[in-house]
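A quick note: this is a predicted structure, and the numbers were derived from the prediction, not measured. Residue numbers begin at 1 in each chain, while the letters A, B, ... track the order of the sequences.
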Amino acid sequence: MATIPARNDRRIIIHLVCPPPAGQDYDCFYASVFEVEQPALKSLPLAVQQKQIVVTCNYEARRRGLHKLQLIKDAKRICPDVVIVLGEDLTKFRDASKDLYLFTRNFVWGGRVERLGFDEQFLDVTDMVDYNTGILNPNDLSSSFFHLDPKDPTAGFSYDATNFYGSTYPSTPEKPPKQEATRTPLETKLLVASHLAGYIRSQLENEKGYTATGGVSTSKLLAKLVGSVHKPNNQTTLLPPYETGTDGTRSNITQFLDNHEIRRIPGIGSRLAQKLRSRVAGESSEEKLTVRDVRLFPGMGPAMMERTLGGPGAAKGIGMRVWSILHGVDNTEVSEARDLPTQISIEDSYGRGRLDSIEKVRRELIILTTSLIRRMRTDLLDKGEDKMSQPRWLAHPRTLRLSTRPRNGPETDGVRTYNVNRISRSAPLPTFIFHLDENVESLAERVAQDHLLGMFRKLHAEKAGWDLGLMNVAVTNMVESAGDQKQSSGRDIGMMFRRQEAVLREWTVHPVDPTSTAAGYGEYHEQNIEPPNLEAAWEEDEEEPETEFFECGICGAAMPHFAELAHSMFHEAGNGRDHSA
DNA sequence: GAGTAGCAG
DNA sequence: GATTCTGCTACTC
């Protein structure tokens, strides 16, 4: 038996899809947003259009034979009375998604909610469930109370802890409800969590008008997969046992995962599935491959997996990672709420002949950049609480990227048949883009004219002959603004110390040790600390920043202004003149 | 840092 | 298979 990493079954994770997918991988979030806006649409066949395509549609449309990624003209032929709404501008969907996310985050201690796309969320509810499992009264399970706030005994909801809320896998309708005494601790926690999932789903429906499918288990992988067992508008909890017993009882995880088609497993995309298929089923097999087929293939293990999936370009440790997920082992954390995106991009696609001259390109670049700057202003700008305070950039992207997709793909390289279809160029983002006193259109024109067009010519050196299917303008390489009082004061003292050390190292001259700079740089990455950020450098375009120095009254050290807060906290924490102490 | 690949909805 | 309009991570150079 090959080794796999131990599964961490101490966590409890809930996965929500909003709204529930109705079929295979069917997401109709966009359609739901329109329905919530205009409830009359619910009973009509509704399709959301982007370009020539139905990107998604509601249940009624689906019932009439429409489906995702269908051509508009086919949709109209099949269902002549279909209501078509335009969904190329994602603003509305982005806003709805954020609203739902902030809503669920209210319930979850520590804000442990991660978003996946617009319509999915992972909730790490370990602490809430542990707390509420601990206070269960075994003598009166049927009238339990779930505490949503340990400091407010009235906050929460009543529930019946003798049974799971919603469905389970395996479903056990024929068996009588188990007595609490016979439940394992894990089973009890999952049961309690199922009621929390049900409560959050009902709140989502009552308060926001969105139905959701839920999955409850101990990892993101399992919660997500089990959530799609009972759809729509239901939830499923993956029941223990999670381990294969010595007495031969089968792990429900293996049971559950084994029948899944390999491609359906999150993390196994089309490329990995293809590689696995050719290893296990031979080169040109059309058959659907299940997790069991792969797992039980003779000689299969982490090593063969690595040989199958590894190679140049592959992620490190891919073999072990995939081998683990086939056994239901996924110890990836639910990432903490992120309040800033790591990149923002705007793209549009173009029909034949729509983008075949530099003048057309220029016009489109201005349009794209206008949207991009608007998005930067809504997503990266802190508007300030009162009218007196100045808006402030929360982050400064440092890189501008232009991507295009030539209509027939780039030069076919003969070996690879599949379409690697985007090409891109990046450059430093001009800092005038952050000017708030200039109007968006004229900023966009400058960016397009003075920066993007040059990048475009690098991508497409030929003066003519190209015909582009897509252009995308992005800002990436986001650097959060440091020195913001609100943010800084929220951090713990340990964070301050590490920041302090990093800041000082950067500003200390080490003439004898040439490795010191590199060592300091490495630390930012290891500890995930931002390098010192010269805020002033971003504010003005051509001018050199004038760094104001602060002199510490305790130790006499001089430092740039941004280090002052960290430095004084260093002393407040009881440190004296001697920094080496 | 630049550019690409592959994952996701 | 790729079609839409994104956004994330991680690789190579």
Problem set entry | Phosphate contact (B/dG3 OP1 or OP2) by A/Ser424 side-chain N/O below 4.0 Å | no

For this session: Examine distances only and state if a side-chain atom of A/Asp119 and a backbone atom of A/Phe29 form a donor-acceptor pair shorter than 3.5 Å.
Result: no

Exercise. For A/Leu116 and B/dG6, what is the distance between atoms CG and P respectively, to the nearest whole Å?
Worked result: 20 Å

Exercise. Can a side chain N or O of A/Lys51 be found less than 4.0 Å away from OP1 or OP2 on C/dC5?
Worked result: yes

Exercise. Rounding to a whole Å, what distance do you find between A/Gln343:CD and B/dA5:P?
Worked result: 16 Å

For this session: Check whether any side-chain N or O of A/Arg263 sits under 4.0 Å from OP1 or OP2 of C/dG1, and answer yes or no.
Result: no

Exercise. Is any side-chain nitrogen or oxygen of A/Ser426 closer than 4.0 Å to OP1 or OP2 of B/dG3?
Worked result: yes

Exercise. Under 4.0 Å between a side-chain N or O of A/Lys224 and OP1 or OP2 of B/dG9?
Worked result: yes

For this session: Give one of base, sugar-phosphate or nothing for A/Pro266, where a contact means two heavy atoms less than 4.0 Å apart.
Result: sugar-phosphate

Problem set entry | Donor on one side chain, acceptor on other, A/Glu114 and A/Ser335, under 3.5 Å | yes

Exercise. Is the shortest side-chain N to carboxylate O distance from A/Arg374 to A/Glu441 below 4.0 Å?
Worked result: yes

For this session: Provide the distance between the two P atoms, one in C/dG1 and one in B/dG6, to the nearest whole Å.
Result: 15 Å

Exercise. Does A/Asn421 make a side-chain N or O approach to OP1 or OP2 of C/dA2 shorter than 4.0 Å?
Worked result: no

Problem set entry | Any A/Arg398 side-chain nitrogen or oxygen under 4.0 Å from OP1 or OP2 of B/dG1 | yes

For this session: Give A/Gly267 one of three labels, base, sugar-phosphate or nothing, depending on what nucleic acid heavy atoms sit under 4.0 Å from its own.
Result: sugar-phosphate

Exercise. When all nucleic acid strands are considered with a 4.0 Å heavy-atom cut-off, which category describes A/Ile265: base, sugar-phosphate, or nothing?
Worked result: sugar-phosphate

Problem set entry | Between P of B/dG1 and CG of A/Leu402, the distance in whole Å | 19 Å

Exercise. Are OP1 or OP2 of B/dA2 and a side-chain N or O of A/Arg401 less than 4.0 angstrom apart?
Worked result: no

Exercise. Atom CZ of A/Arg115 to atom C1' of C/dT6: distance rounded to whole Å?
Worked result: 12 Å

For this session: Decide whether A/Asn259 and A/Arg292 meet the rule of one side-chain donor and one side-chain acceptor closer than 3.5 Å.
Result: yes

Exercise. If you look at every strand shown and take non-hydrogen atoms under 4.0 Å, does A/Ile344 touch a base, only sugar-phosphate, or nothing?
Worked result: sugar-phosphate

Exercise. Can you find a heavy atom in the side chain of A/Arg457 that is under 4.5 Å from one in the side chain of A/Ile358?
Worked result: yes

Problem set entry | Side-chain H-bond candidate by donor/acceptor type, A/Ser270 with A/Arg263, under 3.5 Å | no

For this session: Ignoring backbone atoms, establish whether A/Arg405 has a side-chain N or O less than 4.0 Å from OP1 or OP2 of C/dT4.
Result: yes

Exercise. Across the strands shown, which category fits A/Asn472 at heavy-atom distances under 4.0 angstrom: base, sugar-phosphate, nothing?
Worked result: nothing

Exercise. Phosphate oxygens OP1/OP2 of C/dT4: is one of them under 4.0 Å from a side-chain N or O of A/Ser349?
Worked result: yes

Problem set entry | NZ/NE/NH1/NH2 to OD/OE distance under 4.0 Å, A/Arg363 and A/Glu445 | no

Seminar exercise, completed: The nucleotide from C/dT4, B/dG1, B/dA2 with an atom nearest the side chain of A/Val55 is C/dT4

Problem set entry | Spacing of the P atoms in B/dA5 and C/dA2 (rounded, Å) | 14 Å

Problem set entry | A/Gln50, nearest nucleotide to its side chain (from C/dT4, C/dT6, C/dC8) | C/dT4

Exercise. Of A/Gln70 and A/Ala315, whose closest DNA chain C nucleotide lies nearer the 5' terminus?
Worked result: A/Gln70

For this session: Between B/dT4, C/dC8, B/dG9, spot the one nearest the side chain of A/Ile423, thanks.
Result: B/dT4

Exercise. C/dT3, B/dA2, C/dC5: which one has an atom nearest the side-chain heavy atoms of A/Ile53?
Worked result: C/dT3

Exercise. So, is A/Ser270 near the phosphate of B/dG6, with a side-chain N or O under 4.0 Å from OP1 or OP2?
Worked result: no

Problem set entry | Contact check, side chains of A/Asn472 and A/Asp348, non-hydrogen atoms, under 4.5 Å | no

For this session: Report the residue (A/Ala314 or A/Leu71) whose heavy-atom-nearest nucleotide on DNA chain C is the more 5′ of the two.
Result: A/Leu71

For this session: Would you indicate what A/Gln52 reaches in the nucleic acid, counting non-hydrogen atoms under 4.0 angstrom: base, sugar-phosphate, or nothing?
Result: nothing

Exercise. Which of these nucleotides, C/dC8, C/dT6, B/dA2, is closest to any side-chain atom of A/Thr342?
Worked result: C/dC8

Exercise. Taking CG from A/Asp330 and P from B/dA8, how many angstroms apart are they, rounded to a whole number?
Worked result: 13 Å

Problem set entry | Nearest-nucleotide pick for A/Glu120, side chain only, options being B/dG9, B/dG1, C/dC5 | B/dG9

For this session: Can you tell me the distance, in whole Å, between the CD atom of A/Gln121 and the P atom of B/dA8?
Result: 19 Å

Exercise. Whole Å only: how far is the CG atom of A/Asp379 from the C1' atom of C/dC5?
Worked result: 15 Å

Problem set entry | Nucleotide C/dA10, atom P - distance to CG of A/Leu272 in whole Å | 14 Å

